[in-house]
Amino acid sequence: MSFANLLSTTNNRINTISINRPEKLNALNIDTLNELDQAIKLAVSDSDVRLIIIRGVGEKAFVAGADIKELAHLSMEKGFELSESIHKIFSETIEGCPKPIIAAINGYALGGGLEVALACHIRVATTNAKMGLPEVSLGLIPGYGGTQRLTRLIGKGRALDMIMTGRMIGADEALNFGLANYKIDQENLNSFTVELANKILMNSSNAIKHAIKSVNAYDQPGCDGFKVEMNEFSKCFQTKDFVEGTSAFLEKRKPNFN
Ligand code: CAA
């Protein structure tokens, strides 16, 4: 399937979704967000795909935020509707995705762009990455989950500092905060991300799916994460991957989960 604002390609079990509006620094208009939702859902239903990478086209930006042009004239009601519908995409389609999603952050990841990255399972940032939630400079606050996910990831004090100043942080600070998992030179971003993906793909995709669900339960309001873990743990038993993983260990060989 082809998209107007995205490129989606699959190679060796890795689906790469590239947000493709470089002339607007990959700003997320509503069409692009809906396409992102669709592209991830397609990748989830495609048995050839085991892992997804999200990146931005061009040298300058992962995503420079929600498309300000579209936000500029919204009423309170429309603003709420927008936030509610995008929250669903970020929580259910991205964060809740049963296949791992890596954000490959090159250049600007601002506002809604950083919020996409925050909903992903792992973030790789290049040395030229600039990450921030500058919404208060527009008279807004982050509205695609940023106040919650950033706070959960880096703590309240740091999140409030980033949100109230609207400042951009680089890869070193992001790494230090635990916002980025890895820092890498720009020219090595693709090769590093694929290498990381392949490391994950050595493991059981079925187990990873249960791990994502269990870890996500950690900060879901009203959810007993330990209970979710018990359930997800138990679902791994008697699966093909569990038989292969334990047999391989006992037979002193590498498992083959394909
Ligand atoms: N929305 C719409 N268009 C955007 C955009 C955005 N978030 N970010 C960049 N663009 C557009 C610019 O308008 C410009 O388009 P034109 O050539 O047609 O004028 C093009 O992309 C290139 O941008 P600049 O000329 O501004 O590039 P620069 O290198 O001078 O500056 C920048 C780069 C500092 C990232 C600057 O573009 C910028 O500040 N962008 C806005 C960042 C921002 O505020 N993001 C938060 C958006 S609100 C949000 O995301 C709310 C939410 O939580 C949901």
Side-chain angles (χ1 to χ4, degrees), residues 3-7 17-37 40 54-95 101 103-120 123 125-154 156 158-171 173-174 179-180 186 189:
F3 298 97
N5 304 297
L6 302 178
L7 303 170
I17 298 173
S18 306
I19 297 165
N20 189 22
R21 298 183 75 213
E23 70 292 349
K24 296 289 176 196
L25 303 186
N26 301 319
L28 293 171
N29 58 13
I30 294 161
D31 286 350
T32 308
L33 284 162
N34 285 327
E35 286 188 356
L36 184 61
D37 183 41
I40 296 171
I54 300 180
R55 59 187 286 276
V57 168
E59 301 280 289
K60 246 183 118 175
F62 172 70
V63 170
D67 192 318
I68 297 169
K69 208 171 166 188
E70 281 188 345
L71 299 180
H73 304 293
L74 293 185
S75 62
M76 268 191 205
E77 289 75 17
K78 291 284 174 204
F80 183 85
E81 272 173 31
L82 173 72
S83 181
E84 193 176 38
S85 67
I86 307 304
H87 265 265
K88 195 167 152 66
I89 298 176
F90 283 28
S91 297
E92 294 176 14
T93 309
I94 304 180
E95 190 170 43
I101 305 187
I105 304 171
N106 177 22
Y108 294 112
L110 301 175
L114 184 59
E115 289 172 301
V116 169
L118 287 167
C120 293
R123 284 154 292 281
T126 57
T127 45
N128 71 326
K130 295 189 186 75
M131 291 158 271
L133 293 177
E135 284 88 345
V136 293
S137 71
L138 299 165
L140 256 187
I141 68 166
Y144 296 168
T147 63
Q148 303 304 297
R149 289 198 180 88
L150 185 68
T151 306
R152 287 167 183 169
L153 201 56
I154 70 175
K156 194 171 163 183
R158 286 165 168 168
L160 274 170
D161 169 44
M162 282 183 67
I163 291 169
M164 292 193 303
T165 60
R167 74 189 176 92
M168 297 181 204
I169 65 170
E173 205 173 355
L179 170 49
Q186 189 176 10
L189 179 63

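Just so you know, these numbers come straight off a predicted model, no measurement behind them. Both ligands and their constituent atoms are indexed starting at 1 by order of listing.
Between A180 and A125, the shortest heavy-atom distance links the atoms CB-CB, 4.0 Å. Nearest approach of N26 to V57, heavy atoms of both residues: ND2-O, 3.0 Å. Taking all atoms of both residues into account, the shortest heavy-atom contact from L33 to I89 is O-CD1, 3.9 Å. Residues F62 and A103 share a closest heavy-atom pair of CZ-CB, 4.2 Å. Residues M131 and A174 come closest through the heavy atom pair CE-CB, 3.6 Å.
Applying the 4.0 Å criterion to heavy atoms of K60 picks out, from ligand 1, the atoms 27 (O), 28 (P), 29 (O). Close approach to Y144 involves these atoms of ligand 1, each under 4.0 Å from a residue heavy atom: 54 (C). Close contacts of ligand 1 with P142, meaning ligand atoms under 4.0 Å from a residue heavy atom, involve 53 (O). For ligand 1, the atoms lying closer than 4.0 Å to a non-hydrogen atom of L110 are 35 (C), 42 (C). If you number the atoms of ligand 1 from 1 as listed, the ones under 4.0 Å from a heavy atom of G111 come out as 46 (C), 50 (O). Under a 4.0 Å criterion applied to the non-hydrogen atoms of E115, ligand 1 contributes the atoms 52 (C), 53 (O), 54 (C). Per-residue contacts place D67 under 4.0 angstrom from the following atoms of ligand 1 (heavy atoms of the residue considered): 1 (N), 2 (C).
With S85 contributing its side chain and L82 its backbone, the two residues share a donor-acceptor pair below 3.5 Å. Looking at S83, its side chain never comes within 3.5 Å of a backbone N or O of G79 through a donor-acceptor pair. Judged purely by atom type and a 3.5 angstrom limit, Q186 has no side-chain atom pairing as donor or acceptor with the backbone of T126. A donor-acceptor pair under 3.5 Å links the side-chain atoms of R123 to the main chain of A117, judged by distance alone. Remark: side-chain polar atoms of H87 are paired, donor with acceptor, to backbone N or O of G143 under 3.5 angstrom. The backbone N or O of F3 sits nowhere less than 3.5 Å from a side-chain atom of E35 that would complete a donor-acceptor pair. Of the possible polar contacts, one joining the N106 side chain to the G58 backbone as a donor-acceptor pair under 3.5 Å is found.
Distances from atom 13 (O) of ligand 1 to the protein include no heavy-atom value under 4.0 Å. The protein does not reach atom 19 (O) of ligand 1 closely, with no heavy atom under 4.0 angstrom from it. For atom 25 (O) of ligand 1, the nearest protein heavy atom lies 4.0 Å or farther away. By the definition of a contact as any protein heavy atom under 4.0 Å away, atom 42 (C) of ligand 1 is in contact. Under the 4.0 Å distance rule, the nearest protein heavy atom to atom 38 (C) of ligand 1 falls outside the cut-off. Remark: atom 30 (O) of ligand 1 lies closer than 4.0 Å to no protein heavy atom.
Protein heavy atom at the shortest distance from atom 5 (C) of ligand 1 is A27 CB, 3.9 Å. Looking only at heavy atoms of the protein, atom 50 (O) of ligand 1 is closest to G112 N, 2.7 Å. When hydrogens are left out, the protein atom nearest atom 10 (N) of ligand 1 is K24 O, 3.8 Å; that is the closest non-hydrogen contact.
At a 3.5 angstrom cut-off on N or O pairs, G143 counts as close to ligand 1. Backbone and side-chain nitrogen or oxygen atoms of E135 are examined, and one is located within less than 3.5 angstrom of a nitrogen or oxygen of ligand 1. For ligand 1, the polar-atom distance check finds an N/O of I68 within less than 3.5 Å of one of the ligand's N/O atoms. Remark: ligand 1 and A64 share an N or O pair separated by less than 3.5 Å (distance only, no angle test). Backbone and side-chain nitrogen or oxygen atoms of K69 are examined, and none is located within less than 3.5 angstrom of a nitrogen or oxygen of ligand 1. Distances between N or O atoms of M168 and those of ligand 1 include no value under 3.5 Å. Any N or O atom pair closer than 3.5 Å counts here, and S137 shares no such pair with ligand 1.
Of all the heavy atoms of A66, the ones lying under 4.0 Å from any atom of ligand 1 are found in both the backbone and the side chain. With a 4.0 Å heavy-atom cut-off, ligand 1 is reached by the side chain of L138 but not by its N, CA, C or O.
In this comparison of L25, I141, T147, the heavy atom closest to atom 23 (O) of ligand 1 sits on L25.
One finds the CG atom of L118 at 11.5 Å from the CD atom of Q148 (value rounded to the nearest 0.5 Å). Interatomic distance, CD1 of I17 versus CG of L7, reported as 10.5 Å (0.5 Å rounding). L133 CG to I141 CD1: the interatomic distance, rounded to the nearest 0.5 Å, is 10.5 Å. Separating the OG1 atom in T93 from the CD1 atom in I40 is a distance of 6.5 Å, to the nearest 0.5 Å.
In this structure, E70 falls outside the shell of residues with a heavy atom less than 4.0 angstrom from ligand 1. Using a 4.0 Å heavy-atom cutoff, G146 is absent from the residues neighbouring ligand 1.
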